[in-house]
Amino acid sequence: MLATRLMRSCEVRGAIGILPVAAATRAGLHLLSGELLQAASLAETAADVTFMTGAGPVAYAEVGLAVFRGRDAEAVAAIRTATRDSMTRGEGMALTYLQWATAVLHNGACRYEQARDSARRAGADSSVQRIRNWALAELVEAAVRTGDRDMADEALRELCRTTGPCSSHWAAGVEAQCQALLADGPDAEDLYRRALERFERTRLRAAVARVHLLYGEWLRRGRRHLEAREQLRQAHEMFVRFRMDGFAERARNELSAAGEPTDRRRSWFGDQLTPQERRVAMLAAEGATNPEIALRLFISASTVDYHLRKVFRKLRVTTRTQLARLLQDDRPMSADGDGDGR
């Protein structure tokens, strides 16, 4: 609610200098929700405004997007550039964020030693508690996978200082997930199920997918292959739908090891669109009118109409409802006619 209000305030007031911060904040929410296309649109908005004004925050949205996509070269380049910028500006919070992002990237690719080292550095910064909590959760997973039980236990104790007094489903889900990684037998299974139950009550779809993956990995290691395939299949399908390629590949490999080979799927939606067309399509799919889109993107309504016509032709849809469904399902739709984009 606050992120949306800030975006709208920037648009109405023409506060271009604040817009990159607002866009990056909202992009982060979309990333956690598994809505990477929406996050990409906002990251591009933040980058464009920063380029036009010559001022803006460290590229949080760009880095987060590259990391959640799990594309190594893109993510490493974005992190390197952002690290240089944050050091030049003296933005310590940005460095902590970048260490957390690096840990996510490495955990997704099963590079657990690198993930552990990055998460440990981010988790040591108590001045940025929110990002520190995220890093501690990554540290528990990486430390468990590298056999460093003491480090994992300490990270969980630190995390529970925040999650324990907090009543949110997010906090309870993270705590249960981390406890499950350190538990054995029926206790671990109960904790994985508890984490899923809590996360399912939130919009944190990326977290839901990661618990399915961890639970499936645990089941496979216990030689419960039929049950493991069910969890891993859900994880793989969700990651593919979200376009979280790194985690999707990890889930695919685990699923194959559990006896169910899968094909690598590539994202379809938006590959045919220019960056501006993609932004317009995102906003239209969310229900924004042409004047509202024009206000948000600082272009004319006629330019919005022009871009929407091209979007409708390229994606072979005729209504905004079809466009929204295509965005949700990520598969081509057939439609008679070219569509007029209105």
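Only this structure's heavy atoms are used, side chains among them; waters, hydrogens and symmetry mates stay out.
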### Task
Report, as yes or no, whether the 6.0 Å neighbourhood of atom CZ on Arg8 holds more than 12 heavy atoms from other residues, nucleotides or ligands.
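No, because the 6.0 Å sphere around CZ of Arg8 holds 12 heavy atoms or fewer from other groups.
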A side-chain contact here means heavy atoms from C-beta on lying under 4.5 Å apart; do [X] and [Y] qualify?
X      : Y      : answer
Met238 : Val208 : yes
Leu232 : His236 : no
Gln129 : Thr162 : yes
Trp100 : Leu105 : no
Phe312 : His307 : no
Asn133 : Glu158 : no
Phe199 : Val174 : yes
Tyr192 : Leu181 : yes

### Query
What pairs meet the salt bridge (Lys or Arg N to Asp or Glu O under 4.0 Å) rule with one or both residues in residues 196-217, with sequence neighbours excluded?
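Every pair satisfying salt bridge (Lys or Arg N to Asp or Glu O under 4.0 Å) with a residue in residues 196-217: Glu35-Arg203, Glu138-Arg210, Glu141-Arg210, Arg145-Glu217, Glu197-Arg201, Glu200-Arg205, Glu217-Arg250.
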### Query
Cluster partners of Leu95, using ILVMFWY side-chain heavy atoms under 4.5 angstrom, listed by chain and number?
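Noted: Leu95 shares its cluster with Met87.
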### Task
Mind listing the closest non-hydrogen atom pair of Leu65 and Leu31 along with its distance?
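Minimum heavy-atom separation between Leu65 and Leu31: N-CD1, 3.7 Å.
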Using a strict 4.0 Å threshold on nitrogen-to-oxygen distance, state whether [X] and [Y] make a salt bridge.
X      : Y      : result
Arg252 : Glu249 : yes
Arg224 : Glu189 : yes
Asp305 : Lys310 : no
Asp153 : Arg149 : yes

